[in-house]
Each structure stands twice: as C-alpha cells, then as structure tokens.
Visitor: 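Here you go, one structure.
Labels below follow one simple rule: chain letters A, B, ... track the order of the sequence lines, proteins then strands, and each chain is numbered from 1.
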There are 2 protein chains.
Amino acid sequence: MRVANFNGGPGALPREVLEEAARDLLDWNGTGMSVMENSHRGPEVQAMAAEAEADFRALLGLNGDWAVIFCQGGASLQFAMIPLNFAGPGGRCDYINTGLWSTKAFKEARICGANPRLAASSEDDDFTHIPEVFDFDPEAKYVYITSNNTVRGTQWSRFPHNAPGPLVADMSSELLSRPLDLRPFGLIYGGAQKNIGPAGLTVVAIRRELADKARLDVPSMLSYPVYIKNQSMYNTPPVWSLYVSGLTFKWLLNTVGGLNNMAALNQAKSDLLYQAIDDSQGYYRGTARPGSRSVMNVTYRLPGEELEKKFKKESQAAGLVGLGGHRSVGGLRASLYNAVTLDDVRRLVDFMAEFQRVNG
Amino acid sequence: MRVANFNGGPGALPREVLEEAARDLLDWNGTGMSVMENSHRGPEVQAMAAEAEADFRALLGLNGDWAVIFCQGGASLQFAMIPLNFAGPGGRCDYINTGLWSTKAFKEARICGANPRLAASSEDDDFTHIPEVFDFDPEAKYVYITSNNTVRGTQWSRFPHNAPGPLVADMSSELLSRPLDLRPFGLIYGGAQKNIGPAGLTVVAIRRELADKARLDVPSMLSYPVYIKNQSMYNTPPVWSLYVSGLTFKWLLNTVGGLNNMAALNQAKSDLLYQAIDDSQGYYRGTARPGSRSVMNVTYRLPGEELEKKFKKESQAAGLVGLGGHRSVGGLRASLYNAVTLDDVRRLVDFMAEFQRVNG
C-alpha cells in the first residue's frame with residue numbers, strides 16, 4: 001500500500017510517473033532494453049534528453065537566452081561550481097544567508113578560493129524569516145540566494161531586483177512548484193530529488209551571457225561551458241534520473257496543466273495545513289514567520305519533544321511518513337512537494353486534529 | 001522482446017535485477033514508497049547502502065585497509081579528483097597512456113594544476129597493445145592506468161608491481177568482471193554503467209593510508225576524505241543507482257557465485273568470439289594485439305566500411321544491438337559485460353558466420 005509521503009527529499013514522485021517507469025523497465029520505447037541499458041549516444045536517449053530539455057523550457061518559459069544543462073552531484077557540487085566559474089581566486093561575490101544550505105554554499109565558496117561576503121542574513125533571528133534589506137557589494141560578481149529553505153520552512157516570495165550582479169539561486173526544494181519571473185536571475189538550479197525526479201540529477205538553467213563569462217581554469221566536470229558545449233553529454237549522464245525527470249515534466253505539462261495550475265494546487269495544500277496549525281490555539285506552532293512561510297516545507301512544533309516523538313511515531317503508523325524535522329533542528333516538517341496530493345494533506349490535517357483531541 | 005545488448009556503456013544489466021527493480025518500483029521493502037522516494041537518512045536506505053558496500057567488499061575481498069565510497073560524475077570526475085587530492089599544484093604523477101580515457105585523464109590532471117608525466121604510452125602503435133616497459137618517475141605521487149580500454153579493446157592482464165607510488169586504476173569497463181590482486185593498487189574505481197548498474201554512480205575503493213594523505217584544499221564534493229567521513233552521504237547520494245547496483249552485487253554473489261565464476265564465464269564468452277574472428281580467414285580482423293586483447297570489449301573490422309555499415313544495420317535488425325565501434329575509431333565492437341550471456345554471444349557468432357557466407 002502506498003503511503004502519504006511528506007519526506008523532505010528525496011520526496012514523493014507522481015504515481016503515474018512511477019507506473020510508467022515500472023511498465024517500461026525491461027523494454028523501453030521499443031528498444032528491447034531498459035532505458036538504463038541504452039547508449040546515451042543512441043537516437044532514443046538523445047531524443048528523450050532533448051524532449052526533457054524542451055519540456056523543462058516550456059514549463060518555465062526559458063527562451064534562447066538561456067542554456068539548460070543536466071549535472072550530477074546535487075546542490076553541493078553547484079556550491080563549488082558557482083564560485084569556481086564566476087568568482088575565481090579572491091573573486092568577490094555576495095551571499096544572502098537564510099539557513100543551512102546557504103551557509104554551506106558560503107563556506108564552499110571560501111574553500112574554492114573565492115571571497116564571499118554576506119549581503120544579508122537572518123541567522124540572528126534563527127533563520128525564521130527572509131531578509132528584506134540588503135547590503136550589496138557593487139563589485140559582486142553575483143548574488144547568491146536559497147529561494148526555499150527546506151530546513152527552516154521559509155521561502156522567498158519577492159526577489160531583490162536591485163542586486164549589483166545576477167541572482168544565482170538554489171531552488172532545489174521549489175523548482176517547478178510555481179511559475180517564475182526570470183528577470184533578476186542569471187542562474188537557477190535544483191537537485192531533482194524534491195519536485196523533479198530521482199536523486200543524482202541537478203537541473204541548471206543559466207543565461208548564456210553569464211556562461212560566456214565563466215572562467216576556463218576549472219575542472220571539466222565543474223565547467224558550465226563544458227556542459228553547454230556538449231549538451232550535457234561530455235560524459236555519460238545519469239540517464240535514468242533524466243528519464244524519470246522527463247516523465248515528471250510531461251506529467252506537469254499534460255496532467256497538471258502547467259506551473260500556474262501546480263502553484264494553485266500547492267498553495268491550496270499549504271493553506272490547508274497552515275490553517276490547521278493557526279487554528280489549533282497554539283497546540284501546533286509554525287516556526288517560520290508568517291510573511292516568510294514556505295509553500296513547500298511546513299515546519300512546526302508541538303508543546304514538547306516527547307509529544308513530537310509520539311506524533312512522528314503515530315503518524316508513521318497511520319501511513320503518513322516523513323514528518324520529522326531536519327536532523328539539524330528537530331521538530332516537525334511536512335514537505336508538500338508537487339507529487340503530494342491535496343488528499344494526502346487532508347489526511348494529515350485530520351490526523352493532527354485527532355492527535356490534539358487525544359493529547360491536547 | 002529483449003534484445004542481445006552489446007552496448008559499450010551504458011550496457012546490459014542482468015534480467016533478474018531489472019525484474020526485481022520493476023516489481024518493487026511503487027512499493028519498496030515494505031515502505032509504501034519507491035526506493036527513489038525514500039529518505040536517504042532513513043533506516044531502510046541506510047541499510048541498503050551498507051549492504052551494497054558489504055557485498056561489494058565481499059566480491060573483491062576488500063578488507064578494513066580499504067574505504068569504499070560512492071560518488072557521482074563518472075570517471076570524468078575521478079580524472080579531476082585524483083590529481084586534486086593526491087598531486088596538488090605542480091605535483092608530480094605518472095600516467096600510462098593506453099587510449100582515449102587515459103589521454104583524457106592525463107589532460108584533466110593538467111587542467112587541475114598537477115604536473116603529470118607519461119611513464120609509457122602505446123599511442124605510436126595506435127593503442128593496440130598494453131605497454132610492458134615503464135619509465136617511472138621515482139617522485140611520482142601515484143601511477144595512473146586504465147585497466148581496460150573500452151574504445152580500443154585492450155586490457156591489462158598483469159599489472160606493474162615496481163611502480164614508485166600506488167597504482168590508481170580506472171576500471172570502469174571491467175570492475176567486477178574478474179577477481180583482482182589488490183596489492184599494487186592504492187585506488188580503483190569504476191563508473192557503474194558497464195558491469196554494475198545505472199549511469200550516475202561511481203564506485204571507488206581507496207586504501208585508507210592513501211586517503212589519509214589527501215590534500216584538504218579541495219572542493220567538498222571532490223574530496224575523498226569528505227566521502228569517507230560521511231560514508232558517501234555528505235549530500236544526497238544517487239539512491240536509485242546505488243539500489244540497482246546493490247541488486248547486481250547480490251546477483252553476482254548469489255546467482256553467479258562470485259567473481260571466479262564470473263571471470264570464467266566472461267572468458268568463455270570472449271574466447272568464443274575471438275575464436276570466430278580468428279577462424280574467419282581474415283574476413284573479421286581483431287584490432288587489438290592478441291596478448292593485449294580485452295575480455296570485455298572485442299573490437300574488430302570487416303573488409304571495408306560499407307560492409308561494416310551493412311553489418312551494423314543487419315545485426316541490429318536481427319536483435320543484436322550496440323555493435324558499432326566507438327565514434328572516435330569506427331569499426332565494430334562487441335562489449336561482453338557481465339550481464340551479456342553466453343547465448344547472446346552464440347547468436348552473434350552465428351550471425352557473423354552467416355554474414356560472411358552471404359557477403360564474403
């Protein structure tokens with residue numbers, strides 16, 4: 001029996017996508033082989049990859065000004081690629097620190113020899129809000145943000161338009177969950193394992209004019225121009241992850257009907273859950289400030305860690321899985337990625353009401 | 001209908017492995033989720049990863065002197081990681097050039113700022129043999145080799161035991177195809193997409209005493225000590241690729257019965273094909289020198305490119321796929337990875353005899 005999956009990532013995938021992947025596992029696309037056994041240079045995989053790129057572009061409205069590439073290594077490899085390509089030794093770059101992942105990105109920029117600087121941080125507020133005032137370095141090569149903070153449950157609703165350089169955004173836990181005004185961005189990326197597909201793939205969209213400025217003294221597998229020039233096939237790409245991600249893009253386009261519909265559904269899901277939290281008379285307490293609340297990751301607490309433990313155990317037994325907070329902060333977290341259904345959230349909200357009635 | 005898959009990589013996977021993966025795709029291990037939707041920090045995936053590591057160790061006889069890690073980025077990322085970790089800026093290291101992939105590794109060492117040097121090369125012989133005489137640099141931090149050359153169809157049968165530093169070996173297209181005397185090696189690795197599992201995973205075994213010497217000024221996702229310290233979960237690993245690879249390890253242990261059995265079967269497969277080539281009275285011509293022939297990748301030519309085109313087309317139509325040579329050299333190539341059956345090779349040999357009869 002399938003459970004309601006609130007995992008923070010890897011997270012839920014659409015049932016229809018999994019069913020198609022299972023059906024075609026031994027014989028994909030009439031090739032007499034699994035997609036995993038096909039050559040990445042063969043016409044079938046080439047066509048599949050091209051279609052995945054085209055569908056991703058269609059979903060976000062990425063025109064020819066943008067290159068779309070498929071990397072490996074997750075966000076953590078992007079943490080290194082970004083400063084290596086665009087800052088270089090001693091190169092100045094601004095970071096806005098909104099939690100664990102931007103802290104890691106900042107530190108990695110240092111490891112890579114760049115000279116990163118904090119343009120804003122919500123650390124003194126325990127990362128419970130998204131900053132609105134920025135101290136930009138006019139010489140910054142780029143401004144780095146994490147658009148949705150999986151751990152703390154905060155999300156940018158409006159992006160800064162007065163940055164001195166292009167915005168570079170880790171969108172791992174929200175990419176394709178809503179439409180995007182692309183204007184302030186130079187590069188956006190997301191690890192697949194939240195809203196897109198299996199772990200092992202990172203989707204990156206990068207403005208060609210930014211890519212043209214990339215440094216060339218960078219290892220090949222960390223060089224954006226190498227990926228662009230070779231259409232993400234400098235070496236063997238993670239074909240399976242790309243394939244399943246392509247199925248998800250089709251699901252978003254054809255079953256969901258695009259990112260406006262997806263955003264409306266995601267909003268309805270998170271509204272339902274936040275409402276339940278806010279209506280609980282303080283029994284459930286959201287940890288993010290209301291204006292900064294994430295539509296993707298709803299973080300909250302109960303009155304006491306013992307109750308939280310009980311909640312996690314009993315919800316798991318009720319088929320609601322993955323509700324523990326990130327190991328670095330504890331508490332509870334419901335991740336409402338695209339493939340989580342409104343019905344899943346209704347089941348969670350009902351469970352929460354019953355849990356409060358019994359334990360409140 | 002499943003075809004006989006002679007692809008150079010990604011290549012054939014065992015049918016039993018694919019059937020198990022398909023069966024469990026929507027509900028793995030009683031979790032009510034696909035393995036791809038499970039948290040990598042959860043007990044089920046943790047146990048799966050630990051078991052995969054233990055089985056890999058058992059297959060190769062890797063004891064506690066060795067760390068086993070799972071990376072992304074394929075061999076091409078190892079090309080950078082090796083010099084960055086073990087040579088550093090200007091650091092001396094020896095390379096033995098036996099074809100396309102070692103040439104790439106050598107060039108990448110330069111890009112990464114190391115000072116690589118050729119200790120031997122078979123380039124002047126069009127890479128048709130494995131060198132047996134080496135001009136080692138006594139100061140070399142390591143000696144790099146490609147143990148099986150997928151493109152040229154050559155393979156090391158005996159490894160040098162007099163190298164000044166540990167051997168570092170790209171075994172992508174032969175890892176787990178035969179048992180290994182580990183003594184001369186400091187690091188061995190393989191991209192999964194030949195004998196192991198889906199593209200997107202690289203399995204690395206590294207002596208702990210070598211890992212302890214790694215430089216620490218390396219991006220986190222390129223640092224061997226970071227992978228070792230975090231048991232390959234510094235960030236989200238490619239869970240699906242690891243899972244399927246784990247199934248393949250079990251298949252090798254339990255169905256095949258270990259690497260001695262696997263090696264015997266692989267030898268029988270390649271003997272059958274080389275015999276057919278050698279018995280064709282020059283119609284089929286092997287490109288690798290007999291003493292350097294690969295058990296994994298059998299490269300050969302026909303009398304003329306038109307015949308080769310015809311051969312590829314007609315073999316494909318007969319359900320024998322992937323027989324074209326690497327795009328850099330042309331000709332024909334049959335890759336006989338672990339999951340290719342003796343029966344597949346019999347079909348190929350029969351097809352070759354019939355093709356010669358009609359077109360000879």
Visitor: Please rank A/L77, A/D24, A/D217, A/V35 by heavy-atom pairs under 4.5 Å with chain B and give me the top one.
Guide: A/L77

Visitor: Which residue out of A/E19, A/R41, A/Q193 racks up the most heavy-atom pairs below 4.5 Å with chain B?
Guide: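 Of the candidates given, the most pairs with chain B belong to A/R41.
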
Visitor: Could you work out, with side chain to side chain contact (heavy atoms under 4.5 Å, CB included) as the rule, every residue matching A/S177, not counting sequence neighbours?
Guide: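 Listed in chain order: A/E174, A/N195, A/N266, A/M296, A/N338.
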
Visitor: Using a cut-off of under 4.5 Å on heavy-atom pairs, state which of A/S39, A/A80, A/G197 scores highest against chain B.
Guide: A/S39

Visitor: Are the side chain of A/S172 and the backbone N or O of A/G190 linked by a donor-acceptor pair below 3.5 Å?
Guide: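 No: the side chain of A/S172 does not pair with the backbone of A/G190.
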
Visitor: Are B/R15 and B/E20 close enough for a salt bridge, meaning some N to O gap below 4.0 Å?
Guide: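 Result for this pair is no, no salt bridge flagged.
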
Visitor: Can you say whether B/P83 sits under 4.5 Å from chain A via the side chain, the backbone, both, or neither, judging by heavy atoms?
Guide: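 No part of it gets close to chain A.
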
Visitor: With a 4.5 angstrom heavy-atom cut-off, is it the side chain or the backbone of A/A192 that approaches chain B, or both, or neither?
Guide: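 Neither; nothing under 4.5 Å.
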
Visitor: For B/A199, is it the side chain, the backbone, both, or neither that has a heavy atom closer than 4.5 Å to a heavy atom of chain A?
Guide: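 Both the backbone and the side chain of B/A199 come within 4.5 Å of chain A.
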
Visitor: Could you look at A/S241 and say if it's the side chain, the backbone, both or neither that has a heavy atom under 4.5 Å from chain B?
Guide: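 Answer is neither: A/S241 stays 4.5 Å or more from chain B.
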
Visitor: Does any N or O in the side chain of A/N235 come within less than 3.5 Å of the main-chain N or O of B/G73, such that one atom is a donor and the other an acceptor?
Guide: yes

Visitor: Can you label the angle between the A/Y189 ring and the A/F79 ring as parallel, tilted or perpendicular, going by 30° and 60°?
Guide: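 Judged by the thresholds at 30° and 60°, the geometry between A/Y189 and A/F79 is perpendicular.
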
Visitor: Under a 4.5 Å heavy-atom cut-off, does chain B meet the side chain of A/L242, its backbone, both or neither?
Guide: neither

Visitor: Please check: side-chain N/O of A/K194 versus main-chain N/O of A/G11, any donor-acceptor pairing under 3.5 Å?
Guide: no

Visitor: Using the rule given for ring-ring contact (aromatic ring centres under 6.0 Å, His included), can you reason through A/Y227 versus A/F70, listing the C-alpha separation, both sets of side-chain angles and the distance that settles it, and then say yes or no?
Guide: CA-CA 8 Å; A/Y227 285 87; A/F70 302 106; 10.0 Å; no

Visitor: Let me know if B/R23 has heavy atoms under 4.5 Å from chain A in its side chain, its backbone, both or neither.
Guide: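 No part of it gets close to chain A.
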
Visitor: Considering only heavy atoms, which portion of A/N7 lies under 4.5 Å from any heavy atom of chain B: side chain, backbone, both, or neither?
Guide: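 The answer is the side chain of A/N7.
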
Visitor: What distance separates B/L84 CG from B/R215 CZ, expressed to the nearest 0.5 Å?
Guide: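 Nearest 0.5 Å value for the CG-CZ distance: 8.5 Å.
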
Visitor: If I measure from the heavy atoms of chain B, does A/V321 come under 4.5 Å with its side chain, its backbone, both, or neither?
Guide: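 A/V321 touches chain B through side-chain heavy atoms alone.
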
Visitor: Between A/P238, A/G32, A/A21, which shows the greatest number of heavy-atom pairs under 4.5 Å with chain B?
Guide: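 Max contact count across the listed options: A/G32.
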
Visitor: Measure across B/M36 and B/W240 and return the closest heavy-atom pair with its distance rounded to 0.1 Å.
Guide: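 That would be CG-CE3, 3.7 Å.
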
Visitor: Using heavy atoms and a sub-4.5 Å threshold, report which of residues 105-116 of chain B line up against chain A, by residue number.
Guide: B/E108, B/I111, B/C112

Visitor: I'd like to check the side chain to side chain contact (heavy atoms under 4.5 Å, CB included) partners of B/T146; sequence neighbours left out, ordered by chain and number.
Guide: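 Residues passing side chain to side chain contact (heavy atoms under 4.5 Å, CB included) with B/T146: B/T98, B/W101, B/S102, B/Y144, B/N149, B/D170.
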
Visitor: B/N148 and B/N297: side-chain donor and acceptor closer than 3.5 Å?
Guide: yes

Visitor: Report the option among A/A22, A/C71, A/S76, A/G74 that has the most heavy-atom pairs separated by less than 4.5 Å from atoms of chain B.
Guide: A/S76

Visitor: When rounded to the nearest 0.5 angstrom, what is the spacing between CD in B/Q72 and CG in A/L201?
Guide: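 So the gap between those two atoms works out to 9.0 Å.
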
Visitor: Could you pull out all donor-acceptor pairs under 3.5 Å where a side-chain atom in residues 42-49 of chain A meets a protein atom, sequence neighbours excluded?
Guide:
{"unit_1": "A/Q46", "atom_1": "NE2", "unit_2": "A/H40", "atom_2": "O", "d": "2.9"}

Visitor: Is B/S220 close to chain A through its backbone or its side chain, or both, or neither, when contacts mean heavy atoms under 4.5 Å?
Guide: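 Both the backbone and the side chain of B/S220 come within 4.5 Å of chain A.
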
Visitor: Does any backbone or side-chain atom of B/L216 lie under 4.5 Å from a heavy atom of chain A? Answer side chain, backbone, both or neither.
Guide: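 Answer is neither: B/L216 stays 4.5 Å or more from chain A.
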
